[in-house]
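First comes the structure, then the notes that go with it.
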Number of protein chains: 2
Amino acid sequence: MTTTPRTRGPRGPYAKTRATKLRILDAALAVFAESGFRSGSLREVADKVGLSDAGLLHHYPNKAALLEAVLRHRDDVALVDFHVDLADPRAVVQAFVDITERNMHQPGVVELYCTLSAEATTPDHPAHGYFIERYDWLRGLLTQAFTGLAERGELRDGVDPASAAVQLVSLLDGLQVQWLLDRTALDMTAEVKRHVDTLVHAPFVDPRAA
Amino acid sequence: MTTTPRTRGPRGPYAKTRATKLRILDAALAVFAESGFRSGSLREVADKVGLSDAGLLHHYPNKAALLEAVLRHRDDVALVDFHVDLADPRAVVQAFVDITERNMHQPGVVELYCTLSAEATTPDHPAHGYFIERYDWLRGLLTQAFTGLAERGELRDGVDPASAAVQLVSLLDGLQVQWLLDRTALDMTAEVKRHVDTLVHAPFVDPRAA
DNA sequence: GTCTATAAGCGGATAGAC
DNA sequence: GTCTATCCGCTTATAGAC
């Protein structure tokens, strides 16, 4: 008794529902990015899609479910682009530079994570657990990468891998706030590159160029 | 014709008003810190103080005015503690380490700036201008300090003062998000010290210890 | 699958009594 | 200086028609 999930496939059954859901996720991303989860309203999302409130709630049972869907969808999309060999420390670090570069061309996504991560620091926020896990994962990934670099003797003396991981993640987040406030104030990619160069024995060349 | 400002002085006229206003500012800080400006409600602030909504609005004409008062008050308080010789580059950099140390003992204040700065990245936010100016000021202060260190040959080779300024400010902000999410995840002060040590020729001793 | 109607509540802000 | 009363708008969510 195998039941095919009927929402799968671009042209399968429920194709229209699937398309609507994607449009809803896009609109919700924009609204939550600009106003956060608490202040962003379902009505504004619905208006953007051309639906009524009730129409929207047919697809996602409530507001928190919609937020979770937005975050899960972003993760899915990100994972498609971001297929990096986790065993290659240089590739992992380079990926963070690349992501920064890409982020400068999608300010909406930057705004989403910036706004939500701050909002979600309170324990009762629906995305609180999500962000704790996310940062744990990011720190772990980078700690492993820096450890790998250290073993190859490519890390500058006195640099602690776990510490370098925390600091790189912090740098990315902090740069985003200043960049969102004033996009002429700084060049995010350049700053991240410069920072990485202070950690790793120069020159840190893109491993894909080899 | 000199008119004495009657709200001045701890025991002068309107002393009660002054005390009430301070209690309001404390309560508002807590509410805006936890929920941000948009989601935080005047009612919650009023309840904390033991006032009605209307009673609160007698002291501050509207919500935005209350937020501005909170931020201005925080600046006043901070300036009292933070009287650093701006001509001494080491003292300025050390002050940022000290502030981080102090912040770990007042998470409410950290939450306030973390939440509001993210929320205020949208141009229509009442604190948008405040945060643009604040970051400009912080970057300028640190750029000057790092330039001074460079002139004395105390900056590591290849470190650009303006870039170091942006990165230190970013690091502080980013650390705060992760710290608020999980206070066991990292030691903010230790990370800031470590970062400064990678910029300045070690050892970077507290100038007050000399 | 999307709508209208409706419930039930909270939001900021004003007017005027005390 | 603080209150009560009130206005009006916006919020999420449900029920049921189409």
Side-chain angles (χ1 to χ4, degrees), chain A residues 5-28 30-32 34-70 119 122 124-127, chain B residues 5-8 10-28 30-32 34-70 115 119 122 124-127:
Chain A
R6 306 221 329 216
T7 49
R8 277 232 193 110
R11 284 190 320 255
Y14 295 135
K16 189 178 175 187
T17 291
R18 205 176 144 71
T20 303
K21 287 191 143 195
L22 282 176
R23 285 193 303 134
I24 291 174
L25 290 181
D26 276 348
V31 170
F32 289 150
E34 177 149 338
S35 309
F37 172 73
R38 278 192 272 251
S39 296
S41 76
L42 291 179
R43 195 161 301 220
E44 201 181 339
V45 177
D47 285 352
K48 266 194 157 69
V49 185
L51 248 58
S52 69
D53 328 358
L56 191 158
L57 286 169
H58 167 76
H59 296 278
Y60 297 96
N62 56 51
K63 201 184 176 186
L66 177 58
L67 176 65
E68 281 157 34
V70 169
E119 202 180 37
T122 54
D124 60 323
H125 194 282
Chain B
R6 306 225 325 218
T7 49
R8 277 233 193 108
R11 285 191 319 257
Y14 295 138
K16 190 177 175 187
T17 292
R18 204 177 145 73
T20 303
K21 287 192 142 192
L22 281 176
R23 285 194 303 135
I24 292 174
L25 291 180
D26 276 348
V31 170
F32 289 149
E34 177 150 338
S35 309
F37 172 73
R38 277 192 272 250
S39 296
S41 75
L42 290 178
R43 253 184 195 91
E44 201 181 338
V45 177
D47 285 352
K48 266 195 157 70
V49 185
L51 248 57
S52 69
D53 328 359
L56 193 158
L57 287 170
H58 167 75
H59 296 277
Y60 297 97
N62 56 52
K63 203 185 178 187
L66 177 57
L67 176 66
E68 281 158 33
V70 169
T115 304
E119 202 181 36
T122 52
D124 60 322
H125 194 282

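Below, read A as the first sequence line, B as the second, and so on, with proteins coming before strands; counting in each chain starts at 1.
Within 4.0 Å (heavy atoms only), A/L56 reaches no atom of the nucleic acid at all.
Listed by chain and residue number, A/R43 satisfy the salt bridge (Lys or Arg N to Asp or Glu O under 4.0 Å) test with A/D53 (two or more places apart in sequence, or in another chain). Here B/A54 pairs with B/S52 under the side chain to side chain contact (heavy atoms under 4.5 Å, CB included) rule; sequence neighbours left out.
Look at CZ on B/R38: it is 18 Å from C1' on D/dG9, rounded to the nearest Å. In this structure, CG of B/L51 is placed 15 Å from P of C/dG12, rounded to the nearest angstrom. For the pair A/R23 CZ and C/dG1 P, the interatomic distance rounds to 13 Å; values are reported in whole Å. Atom pair B/Y60:OH and D/dT2:P shows a separation of 12 Å (rounding to whole Å applied). If you take CD1 of A/I24 and P of C/dG1, they are 11 Å apart, rounded to a whole angstrom. Computed from coordinates, the A/H58 NE2 to D/dA13 P distance equals 16 Å when rounded to whole Å.
Closest approach of B/R38 and A/S39 over heavy atoms only: CB-OG, 2.9 Å. The nearest pair of heavy atoms linking A/A127 to A/L67 is CB-CD2, 4.0 Å. Of all heavy-atom pairs between A/E44 and A/S35, the closest is OE1-OG, 4.5 Å. Contact between B/L66 and B/V45 at its shortest, heavy atoms only, is CD2-CG1, 4.4 Å. B/A27 and B/K48 get closest at one heavy-atom pair: CB-CB, 3.7 Å. Of all non-hydrogen atoms in A/L56 and A/A46, the two that sit nearest each other are CD1-N, 3.5 Å.
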(request) Would you sketch DNA chain D in dot-bracket for me? Only Watson-Crick or G-U wobble pairs with both distances under 3.5 Å count, crossing pairs as [ ], other-strand pairs as |, the rest as dots. (result) |||||||.||||||||||
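Taking 4.0 angstrom as the limit, A/S52 places none of its side-chain polar atoms (N or O) nearer than this to OP1 or OP2 of C/dT2.
Listed by residue number, the members of residues 41-48 of chain A with any heavy atom below 4.0 angstrom from DNA chain D are A/S41, A/L42, A/R43.
Distance check, rounded to the nearest 0.5 Å: CG of A/L51 to CG of A/L42 gives 11.5 Å.
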Short N/O separations, protein against nucleotides 14-18 of chain C, under 3.5 angstrom:
none

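A ring pair (Phe, Tyr, Trp, His ring centres under 6.0 Å) check over residues 34-70 of chain B, counting only residues at least two apart or in different chains, returns the pairs B/F32-B/F37, B/F37-B/H125.
Residues A/L25 and A/K21 are not in side-chain contact: their nearest non-hydrogen atoms beyond the backbone lie 4.5 Å or more apart.
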